[in-house]
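Keep in mind that this is a model prediction, so the values were computed, not measured.
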Amino acid sequence: MRKLLILSLFSAIVYAQESPRYLFDDLYFADPSVHVFDGKIYIYPSHDIQTDVKDAANGAHFNMKDYHVLTLNDVNQKAKDSGIALQLEDIQWAKQQLWAPDVAKKGNKYYLYFPAKDKNDLFKIGVASSKSPTGPFKAEKDPISGTYSIDPTVLNDNGTYYIYFGGVKGGQLQEYRNNKRSKDYPELQKGENALLPKIALLKSNMKELAEEPKDVLIVDENGDQLKSGDQHRRFFEGVWIHQYNNKYYLSYSTGETHKLVYAIGDNPYGPFTFKGEILTPVVGWTTHHSIVEINKTWYLFYHDSKNSGGKSYLRSLKVRELKYDQNGMILPMNGQD
Ligand code: FUB
């Protein structure tokens, strides 16, 4: 009996550690980029809302109009909403669709990077700054020159800052080759090289690119670039980069197959070698995440659409512990939990 009690207590503890938790109940938020700044946890999500835009293949129904910043005292508690940090009407160049953002801190300033459609319905990436991690953020008059597509994330590599971005289909990445846009590029055949996320060094002002965006190469175990038809492994959107044991982990969504997967490289530019799955599909079409170490424990922050009965554009934030094996491989998790 005592043995049984100890055993069930043990499994309760393990289960409690490994099962995901929702972070916020009152509003729908998605695409969490999480950072620890000066010992405090900040969540920079998209803010999902219901509008009258109908479901569309180009994602027009993801019709978000502002950003909130959430704070978290402890991953086991609910997050607190700090209110609106930036809204569409205050971004001169943007017309619609404030999609997944990220924030970087440099010195005493915080820089919010966000995708939005401009007046010509082209996704660009904007930047807004603030002296406070919770905003309000003031947007620059124009998007960052040389950027396009969606899902920016910024790596602070010992004081050198790199921006990554890109997303296929609704994210418009397929309309670009070598940073040049054309509506006439033919659809990629299954055997052709897959589209890749982009990387560019940021200038010291954090508001401009210091170089032309470059492809972030993702290869298989033989060193061959992943192909367009390899839907279970190739890049689609939602890139995140973190460092573990002196390696760079590039993680992203596979889109149509709805997985979170990762690849490992030796430097921010790659190449990155595909390693495996992090999370099987969640409820809802999109899957987008961040991976962060907090107090020596690693966490996966992500979203699903369970709370809205599966509406892909009304998503809720979740967190769960993430573990590595002794070789630095991430232990895969079940997105349906
Ligand atoms: O939230 C809008 C879009 O859905 C994001 O930019 C993508 O990553 C996907 O999560």
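Here the closest heavy-atom approach between residue Gly171 and residue Ser149 is recorded as O-OG, 2.6 Å. The nearest pair of heavy atoms linking Thr286 to Ser312 is OG1-O, 4.5 Å. Taking all atoms of both residues into account, the shortest heavy-atom contact from Leu260 to His288 is CD2-N, 4.3 Å. The nearest pair of heavy atoms linking Glu237 to Trp285 is OE2-CZ3, 4.5 Å.
In summary, the side chains of Tyr248 and Asp157 do present a donor paired with an acceptor at a separation below 3.5 Å, with no hydrogens or angles considered. When only modelled atom types and interatomic distance are considered, Thr257 and Thr254 share a side-chain donor-acceptor pair under 3.5 Å. Side-chain contact of Asn246 with Gln243: a donor-acceptor pair under 3.5 Å is absent, judged by distance alone. Residues Ser253 and His258 have side chains that never bring a donor and an acceptor to within less than 3.5 angstrom of each other. Defined by atom type and a distance below 3.5 Å, a donor-acceptor pair is missing between the side-chain atoms of Tyr113 and Asp102. A donor-acceptor pair shorter than 3.5 Å cannot be found between the side chains of Lys141 and Gln92. Under 3.5 Å, the side chains of His35 and Ser290 contain no donor-acceptor pair of N or O atoms. Remark: the Thr134 side chain and the Ser132 side chain contain an N/O donor-acceptor pair separated by less than 3.5 Å.
Checking each of Asp31, Leu322, Val34, Leu317 against Phe301 for a side chain to side chain contact (heavy atoms under 4.5 Å, CB included) leaves exactly one that passes, namely Val34. Considering Tyr148, Trp240, Tyr252, Tyr176 in turn, Tyr148 is the only one that fulfils the ring pair (Phe, Tyr, Trp, His ring centres under 6.0 Å) rule with Phe165.
For Asn178, the CG atom sits in a loose shell: 12 or fewer heavy atoms of surrounding residues, nucleotides or ligands are nearer than 6.0 Å. Heavy-atom contacts from other residues, nucleotides or ligands closer than 6.0 Å to CG of Asn295 number 12 or fewer.
Two residues are said to be in side-chain contact when any heavy atoms from C-beta on lie closer than 4.5 Å; Gln172 and Lys117 meet this criterion. Counting only heavy atoms from C-beta outward, the side chains of Tyr67 and Leu112 approach each other to under 4.5 Å. Ser305 places none of its side-chain heavy atoms less than 4.5 Å from the side chain of Tyr28. Under the 4.5 Å side-chain criterion, counting only non-hydrogen atoms from C-beta, Val219 is not in contact with Phe274. The side-chain heavy atoms of Thr273 and Ile218, taken from C-beta on, include no pair separated by under 4.5 Å. Taking 4.5 Å as the limit, some side-chain heavy atom of Gln231 sits within range of a side-chain heavy atom of Arg234. Counting heavy atoms from C-beta outward, Leu27 and His68 have side chains that approach closer than 4.5 Å. Counting heavy atoms from C-beta outward, Tyr162 and Leu202 have side chains that stay 4.5 Å or more apart.
Residues Leu279 and Leu23 share a single hydrophobic cluster, defined by chaining ILVMFWY side chains whose heavy atoms lie under 4.5 Å apart.
Aromatic ring orientation, Phe123 versus Trp99: tilted (interplanar angle from 30° to 60°). Under the 30°/60° scheme for interplanar angles, the aromatic rings of Phe29 and Phe24 are found to stand perpendicular. Ring geometry for Tyr324 versus Trp298: interplanar angle over 60°, hence perpendicular rather than tilted (30 to 60°).
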Q: Start with the C-alpha distance between Arg320 and Asp337, add both sets of side-chain angles, then the distance that settles salt bridge (charged side-chain N to carboxylate O under 4.0 Å, His left out), and finish with yes or no.
A: CA-CA 10 Å; Arg320 66 198 296 171; Asp337 287 350; 2.9 Å; yes
_Using ring pair (Phe, Tyr, Trp, His ring centres under 6.0 Å), reason through Phe37 and Tyr110 one step at a time and then give a plain yes or no._
CA-CA 10 Å; Phe37 295 132; Tyr110 299 83; 5.3 Å; yes
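For the salt bridge (charged side-chain N to carboxylate O under 4.0 Å, His left out) condition, no pair includes a residue of residues 58-69, sequence neighbours left out. The salt bridge (charged side-chain N to carboxylate O under 4.0 Å, His left out) analysis of residues 214-223, with sequence neighbours excluded, yields the pairs Lys198-Asp215, Glu211-Lys214, Glu221-Arg233.
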Donor-acceptor contacts under 3.5 Å from residues 49-56 side chains, at least two apart:
from, atom 1, to, atom 2, distance (Å)
Gln50, OE1, Tyr313, OH, 3.2
Gln50, NE2, Tyr313, OH, 3.2
Thr51, OG1, Val53, N, 3.4
Thr51, OG1, Asn63, ND2, 3.3

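Ion pairing of Asp304 with Arg315 is absent here, as no side-chain N (NZ or NE/NH1/NH2) approaches a carboxylate O to less than 4.0 Å. Note on Glu192 versus Lys227: no salt bridge recorded, every NZ/NE/NH1/NH2 to OD/OE distance being 4.0 Å or above. Ion pair Asp230/Lys190 not flagged as a salt bridge, since none of the NZ, NE, NH1 or NH2 atoms sits closer than 4.0 Å to an Asp/Glu carboxylate oxygen. Classification of Lys105 and Asp38 as a salt-bridged pair holds, one side-chain N sitting under 4.0 Å from a carboxylate O. Ion pairing of Glu256 with Lys169 is present here, as a side-chain N (NZ or NE/NH1/NH2) and a carboxylate O approach within less than 4.0 Å.
Side-chain atoms of Asn179 come within 3.5 Å of backbone N or O of Pro213 as a donor-acceptor pair. In this structure, Tyr164 contributes its side chain and Leu250 its backbone to no donor-acceptor pair below 3.5 Å. At distances below 3.5 Å, at least one donor-acceptor pair connects side-chain atoms of Asp81 with backbone N or O atoms of Gly83. In this structure, Ser316 contributes its side chain and Asn307 its backbone to no donor-acceptor pair below 3.5 Å. The main-chain N or O of Gly126 is never found under 3.5 Å from a side-chain atom of Glu140 such that the two would form a donor-acceptor pair. Remark: side-chain polar atoms of Asn334 are paired, donor with acceptor, to backbone N or O of Gln336 under 3.5 angstrom.
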